[in-house]
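Below, read A as the first sequence line, B as the second, and so on, with proteins coming before strands; counting in each chain starts at 1.
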Number of protein chains: 2
Amino acid sequence: MATRTRSMRARSTYRIDPNLERFLATVRKRFEFSREEFAMLAEKMTTAADFEAGDVMVEEGKRATHSSLLLEGYAARSKYTPNGERQIMEFQIPGDFIDLHSYPLECLDHSITAVSDCTIVQLDHKDISDLIERHSRFARIFWFATMTDASIHREWILNLGSRGGVERVAHLLCEMYCRSEIVGLTDNHSFEFPVTQVQMGEALGFSAVHVGRLLRELHDRKLVTKDRKIVHLHDWPALQELAGFDPEYLYLQPRKG
Amino acid sequence: MATRTRSMRARSTYRIDPNLERFLATVRKRFEFSREEFAMLAEKMTTAADFEAGDVMVEEGKRATHSSLLLEGYAARSKYTPNGERQIMEFQIPGDFIDLHSYPLECLDHSITAVSDCTIVQLDHKDISDLIERHSRFARIFWFATMTDASIHREWILNLGSRGGVERVAHLLCEMYCRSEIVGLTDNHSFEFPVTQVQMGEALGFSAVHVGRLLRELHDRKLVTKDRKIVHLHDWPALQELAGFDPEYLYLQPRKG
DNA sequence: CGAGGGGTTGACGTTGTTCAATGAGCGTGG
DNA sequence: CCACGCTCATTGAACAACGTCAACCCCTCG
């Protein structure tokens, strides 16, 4: 995959309501979200942009002036080691705020690249400040959203540090299945997962070859089939059990506040 | 080490000013912090508590009503895998807000345990709300503090996923040295690191035996000596180079806002 | 003086890597 | 339409990295 350097085709006044509403499901799982709040937010999110697979969407070290909500496609949060290998630290799916933490941090410590073709809508940092000022509950919601990413990071540390090969792959698939389900992107225990074995290796700390063997083992155990970009989970409870997957860390219970 | 279950000896009206001021160095590295702001914060942080090595200071899954600033001692953020092994995800040193993210999250996905004897001061969540309401800059500062933890998590993912044995150990030592320096806990490239090889293994994804061998290799290369609880870095530039350590992810540059 | 935690060592088994070769799928251009 | 090049996946064999087990030591604390 060519490392194309960020060719962003921004287009304004995109009619976001249908998509945006659909993909705010993640927020809705956690907070009550009124019509008014939704309207306040939607009003600010009108600038969309498209990226092709391989594009760098947000570049490490650059000062950010806006944050982005992913509407379509798969993205990856990643960082490079001095000798050039890439470590992926999170996969992002539609409905995820991919770089909301650039609001408090100003400058990101990592990049975000498009895994498949992607569409985003932008939210200016000054609009975030504005929303928070007008309605302080937004601060809580945004802060919370960035903290669930941190929680996912912790689970990945556990995954990389403590789980064996098969369990590790299984856990990644469990997480992505669970997150996809929230935004309505699953169909009878199948979901789109347009991630190559090389990229899975970069996420799991394995060589691509070994990822292939581990996927084959999951297939032989009649738990998972990955055909091109589609993953099917044949035995969800058994897979969860094998992976030691507990969705608690995704914070999907509704809360007040 | 016995897994003692949280025996907290709280004591009120602790005279924190000398310690608190000293250990707000971490915040000061990033934000200008006025006398008034300091006073507002200090006024709320008067309840201290002591823990012994091995105590669980904050327990996974419990609803939290306050957050804690570590004044003395070493602590660890950790989580357990279903089959009982522990994964450590961050070490905490004096000056760290160990569980500030329990404010937005309400309920933590992991535990915090005392590695050595510890002293903390508490800050009630309602006082946090109060501080933010009276002076909105506190929201930014607190949010920022939780985001630097997330950045550290990302670096650990990279460490676990992409670095080999020696480099991995080296990187951990670089991080802890760097963070210790900010709060004035280093002395000529030495610093206290009261972490056993078992615990280092739990943090780095290695067996304790292997950690021993890796430390020996760093010693043989004349880079590091770890004598009991004291680590001495003999060649800081070479160690940094070996580890591929770039302190950027600690966000130590001052910023406005 | 004994118990127990922490560290060290060596032999051996397991897990994952590397390299190189092979094949399937897909878009492109003739 | 086929031929070509490309990316992605698969396989086998040799090799390196790390884990496990068991024995041993040192130090500290009671």
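Two end axes, each from the C1' atoms of five base pairs, can be drawn for the helix from C:dT8-D:dA23 to C:dG30-D:dC1; they diverge by 30°, to 10 degrees.
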Just the atom pairs and distances: protein N or O near nucleotides 24-30 of chain D's N or O, under 3.5 Å.
unit_1, atom_1, unit_2, atom_2, d
D:dT28, OP1, B:R228, NH1, 3.2

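Pairs passing the side chain to side chain donor-acceptor pair (under 3.5 Å) check and including a residue from residues 162-173 of chain B, sequence neighbours excluded, read A:Q87-B:S162, B:E155-B:R163, B:E155-B:H171, B:N159-B:R163, B:R163-B:H171.
Every ring-ring contact (aromatic ring centres under 6.0 Å, His included) that B:H234 has, sequence neighbours left out, goes to B:H232. Partners of A:E241 according to the salt bridge (Lys or Arg N to Asp or Glu O under 4.0 Å) rule, which considers only residues two or more places apart in sequence or in another chain, do not exist here. With sequence neighbours left out, the side-chain contact (heavy atoms from CB on, under 4.5 Å) criterion links A:D117 to A:E52, A:A53. Applying the side-chain contact (heavy atoms from CB on, under 4.5 Å) criterion to A:A145, with sequence neighbours excluded, gives A:L100. Looking at residues two or more places apart in sequence or on another chain, you find a salt bridge (Lys or Arg N to Asp or Glu O under 4.0 Å) between B:D149 and B:R77. Applying the side-chain contact (heavy atoms from CB on, under 4.5 Å) criterion to B:R216, with sequence neighbours excluded, gives B:D220. With sequence neighbours excluded, no residue satisfies ring-ring contact (aromatic ring centres under 6.0 Å, His included) with B:H153. Taking B:N83 as the reference, B:T81, B:E85 meet the side-chain contact (heavy atoms from CB on, under 4.5 Å) condition, with sequence neighbours excluded.
Inspection of the A:Y80 and A:E60 side chains reveals no N or O donor paired with an N or O acceptor under 3.5 Å.
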(message) I'd like to compare against my own output: the B/S/- annotation of nucleotides 8-22 of chain C with a strict under-4.0 Å heavy-atom distance to protein.
(response) SBBB----SBB----

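To the nearest angstrom, P of D:dT11 lies 13 Å from CD of A:E217.
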